[in-house]
Amino acid sequence: MGRAFLFNLGMEERMARQKEQYEGSQLYKIRHSTAHIMAQAVLEKFPEGKVAIGPAIEDGFYYDFDLPRPLTPEDLEGIEKRMRGIIQSGVNFERKVVSADEAKVLFRNQPFKMELIEGLESGEMDDDGNPIDEKPEISIYSQGGFTDLCRGPHVTNSREINPAAIKLLNVAGAYWRGDEKRPMLQRIYGTAWSKPEELKDYLCRLEEAKKRDHRKIGQELDLYSVNDEIGAGLILWHPKGGRIRKLIENFWSEEHEANGYDFVYTPHIGKAQLWETSGHLGFYKDNMYSPVDIEGQQYFLKPMNCPFHLHIFKNSLRSYRDLPLRYAEEGTVYRYERSGVLHGLMRVRGFTQDDAHHFCRPDQMPAEIDFVLNFSLNILRSFGFSDIHAYLSTRPEKSVGDPAQWEAAEAALEDSLNRSGLDYDVDRGGGAFYGPKIDLKVEDAIGREWQLSTIQFDFNEPERFDLYYIGEDGQPHRPYMIHRALLGSLERFFGVLIEHYAGAFPVWLSPTQAAIIPIADRHLDYARKVEAELRKAGLRVMVDDRPERMNAKIRDAQNQKIPYMLVVGDKEEESGQVALRLRNGENPGPLLLADFLTLAKSDIAAKK
RNA sequence: GCCGACAUAGCUCAAUCGGCAGAGCAGCCGCCUUGUAAGCGGCAGGUUAUGGGUUCGAUUCCCAUUGUCGGCUCCA
């Protein structure tokens, strides 16, 4: 995504206001000032160190340094201790406006600051390195012998910071100005709050996120793995993960079937010429793997499915009566990702997109957008994502296609968003060069946003492949093409699902829906009868027939996050009942098998 | 890719200064026949990620490779 140029519209205005509110808040000042105090502590330890920038960020702050040696965790402890000392000594933060020349003298030994001053002086960028419109005044802040180039604001005295509510979190590498061609600096991340309880809350939240980490749960529940010998970023779906994937795919297929999609299947490789025509070898080559040679011809692994779908469209002469056409495919693509960015299921090198391409007439386009947006929302909601935010990205400076078409497409996207009632942001100029798009992001159970769906116009490929249909007038016309991935990739979607539910998937997606737990061996026959009955009704159940105590079986079922545990003993066997226990620890107790079945079926139907 | 940290049994983790690699869980075998989150005993499990080097001797020190983690950049 390019740099966001935000316009005032609905939610973004609210977000901008929130951001402004944050930047004016005491907490913001506390964090920003804590960053300065950290820089002071670091420079006391490494007088020859160079400082870069150190802003307050969401939940905390960071500061970038160029230091003579890598920092260790022990260094961090020492720095944090010294910071508390500085805070408690009650240093004042003093602001002073200086001329560029004065600043240059002050910071003559700080090359990064010098660069910032030059930026400020020429009126090109602010002290965070962001482009600005007006030439700002240059201000400096000093505290306890440490002076920093800074716009502020800051606390007036360090006593406003609670030394028990700050904590340094970790050290990481970061490029100066985020540019990989420039020096790598050491960035220390920290967090700061008004009260110690808030710090504790925040650390709990981090802990909670760690517990939900799909990589951890993926192993605990035996859902998937990656293997050294196979390769980084290549996913092995284990039986339980595979079961869930299959359930997702079945639901996906049914919904697509019922909504006018056709299913297509396409190969994993295609000749160089295909990717020349599509333009991928021009603009996407960096993400594509080296070609394989087949009888002297170069073939590339596909990074996208669209060229194949375009060829299916092209394979027959199309009438305006045939449109819209909706081709859907769970297409597995391979993209080169730099080793450092790989991350569990979220960022991989081979993944399956739930892809589709819509081809329609210009007059059908608004309805088609409405359709695809609503279809997407319905599916996402079925998976338990109720908080969905949309992002509309419009025409960038460099683009292909007729500007009038762009405008029509953007208007259709925005109208459709308005009709949907969704909150949305507009990223003006943030679209791809080939068309505007809507991205949908879902909020998970602990408030994090994940991008899943994307709905993109493409004015490029129909042109490149010379797609046309015959109109009412008997003449060829270029169709509109919409590219959409709804769940995004099955791998990432699975990762998001795992984190959203912390592994406790809704019943309809649980690999095992009920564990039948016989108390003693003599209950095994009855347990098998219950199993057979539930199987017949379509439930995924298992009997835990290990020679273990009931308590152990309950514990294991609970840890496996199986939705229903059905304990069967003498009483249940006599009365044709099962004793129901839920994975949240609730214990509704005995009920007739038929009643349990009704309950389970209603939970499944409600996608609970 | 870059910066930093890390890699020991299926999993979670020990092993002092360079001196015979160990525990819990899981697995297997047996005993117990059990009422809502771990019953008891035994057995087995290792080229210490891979390759090289230093050393009388390397899990430990050095180099390379692969992978993982935290970030940067990028992104479904």
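Across the C1' atoms, B:rU68 and B:rU50 are found 15 Å apart, a figure rounded to whole Å. Taking the C1' atom of each, B:rC63 and B:rC25 are spaced 37 Å apart, rounded to whole Å. B:rA15 sits 30 Å from B:rC3 when the P atoms are compared, rounded to a whole Å. Across B:rG45 and B:rG22, the matching P atoms stand 13 Å from one another, rounded to whole Å. Between B:rC2 and B:rA64, the distance separating the two P atoms is 12 Å to the nearest Å. Comparing B:rA49 with B:rG67, their C1' atoms sit 8 Å apart, to the nearest whole Å. Comparing B:rC6 with B:rC56, their P atoms sit 28 Å apart, to the nearest whole Å.
Distance CG (A:L342) to P (B:rA76): 15 Å, rounded to an integer number of Å. Note: CD (A:E220) to P (B:rC25) measures 18 Å, nearest angstrom. Atom CG of A:L524 is separated from atom P of B:rU34 by 14 Å (rounded to the nearest Å). Taking atom CG of A:D228 as the reference point, atom P of B:rU8 lies 11 Å away to the nearest angstrom. Atom-to-atom, CD of A:Q560 to P of B:rA38 comes out at 16 Å; the value is rounded to the nearest Å. The separation between A:R546 atom CZ and B:rU34 atom C1' is 14 Å, rounded to whole Å. A:N551 places its CG atom 6 Å from the P atom of B:rU36, with the value rounded to the nearest Å.
Looking at A:Q110, its side chain does come within 3.5 Å of a backbone N or O of A:V51 through a donor-acceptor pair. A:Q186 places no side-chain N or O within donor-acceptor distance of the main-chain N or O of A:A174, the cut-off being under 3.5 Å.
Contact annotation: A:R522 reaches the phosphate of B:rU34 (side-chain N/O to OP1 or OP2, under 4.0 Å). Of the side-chain N and O atoms in A:Y189, one or more sit less than 4.0 angstrom from OP1 or OP2 of B:rC72. Under 4.0 angstrom from either OP1 or OP2 of B:rA76 there lies no side-chain N or O belonging to A:T454. For A:H343 and B:rC75, the shortest distance from a side-chain N or O to OP1 or OP2 is not below 4.0 Å. Proximity of A:Q219 to the phosphate of B:rU12: a side-chain N or O atom is located under 4.0 Å from OP1 or OP2. Between A:R347 and B:rA76 there is no side-chain polar atom (N or O) within less than 4.0 angstrom of OP1 or OP2. Contact annotation: A:R215 reaches the phosphate of B:rG70 (side-chain N/O to OP1 or OP2, under 4.0 Å).
Across all strands shown, B:rU55 has no partner, as no Watson-Crick or G-U wobble contact with both distances under 3.5 Å is found. Pair assignment for B:rA7 gives B:rU66, based on Watson-Crick or G-U wobble hydrogen-bonding distances that are each under 3.5 Å. Across all strands shown, B:rC43 pairs with B:rG27; the Watson-Crick or G-U wobble distances both stay below 3.5 Å. Pair check for B:rU16 finds none; no Watson-Crick or G-U wobble contact set falls under 3.5 Å. Remark: B:rG1 base-pairs with B:rC72. Criterion, Watson-Crick or G-U wobble with two distances under 3.5 Å.
Enclosure of atom CG in A:D179 by more than 12 non-hydrogen atoms of other residues, nucleotides or ligands within 6.0 angstrom is indicated.
For A:D521 against B:rU33, a side-chain N or O and a base N or O form a donor-acceptor pair under 3.5 Å. Remark: the A:R583 side chain and the B:rA37 base include no donor-acceptor N/O pair separated by less than 3.5 Å. Below the 3.5 angstrom threshold, one finds no donor paired with an acceptor across the side chain of A:R338 and the base of B:rC2. Evaluation of atom-type donor-acceptor distances gives a pair under 3.5 Å for the side chain of A:E337 against the base of B:rA76. Below the 3.5 angstrom threshold, one finds a donor paired with an acceptor across the side chain of A:Y175 and the base of B:rG1. With hydrogens and angles ignored, no donor-acceptor pair closer than 3.5 Å exists between the side chain of A:R335 and the base of B:rC74. For B:rG35, the base has a donor-acceptor partner in the side chain of A:E572 [N/O atoms by modelled type, under 3.5 angstrom].
Taking the centre of each ring, A:F459 and A:Y434 stay at or above the 6.0 Å mark. Residues A:F375 and A:H256 bring their aromatic ring centres within 6.0 Å.
Residue A:N227 is classed as having no contact, given no heavy-atom separation below 4.0 Å to the nucleic acid. Counting non-hydrogen atoms under 4.0 angstrom, A:K571 reaches a base of the nucleic acid. Within 4.0 Å (heavy atoms only), A:A579 reaches at least one base atom of the nucleic acid. No contact: A:V333 has no heavy atom under 4.0 Å from any strand. Contact annotation for A:G173: base contact, defined as any heavy-atom pair under 4.0 Å involving a base atom. Residue-level contact check: A:G178 touches the backbone only, with heavy atoms under 4.0 Å from sugar-phosphate atoms and none from bases. Within the 4.0 angstrom heavy-atom criterion, only backbone atoms of the sugar-phosphate kind lie near A:R187; the bases stay farther away. Within 4.0 Å of A:A232, counting heavy atoms only, lie sugar-phosphate atoms of the nucleic acid but no base atom. At a threshold of 4.0 angstrom between heavy atoms, the contacts of A:A174 are confined to the sugar-phosphate backbone, with no base atom among them.
Contact check on A:D213 versus A:R215 returns a salt bridge, with a Lys/Arg side-chain nitrogen under 4.0 Å from an Asp/Glu carboxylate oxygen.
Sorted by first and then second residue, the pairs that involve residues 243-252 of chain A and meet salt bridge (charged side-chain N to carboxylate O under 4.0 Å, His left out), not counting sequence neighbours, are A:R245-A:E249, A:R245-A:E491.
A donor and an acceptor atom, one from each side chain of A:K240 and A:T512, are nowhere located under 3.5 Å apart. Side chains of A:D439 and A:T454: a donor on one and an acceptor on the other come within 3.5 Å.
Residue A:N559 is the one, among A:G344 and A:N559, whose nearest nucleotide of RNA chain B lies closer to the 5' end (criterion: closest heavy atom).
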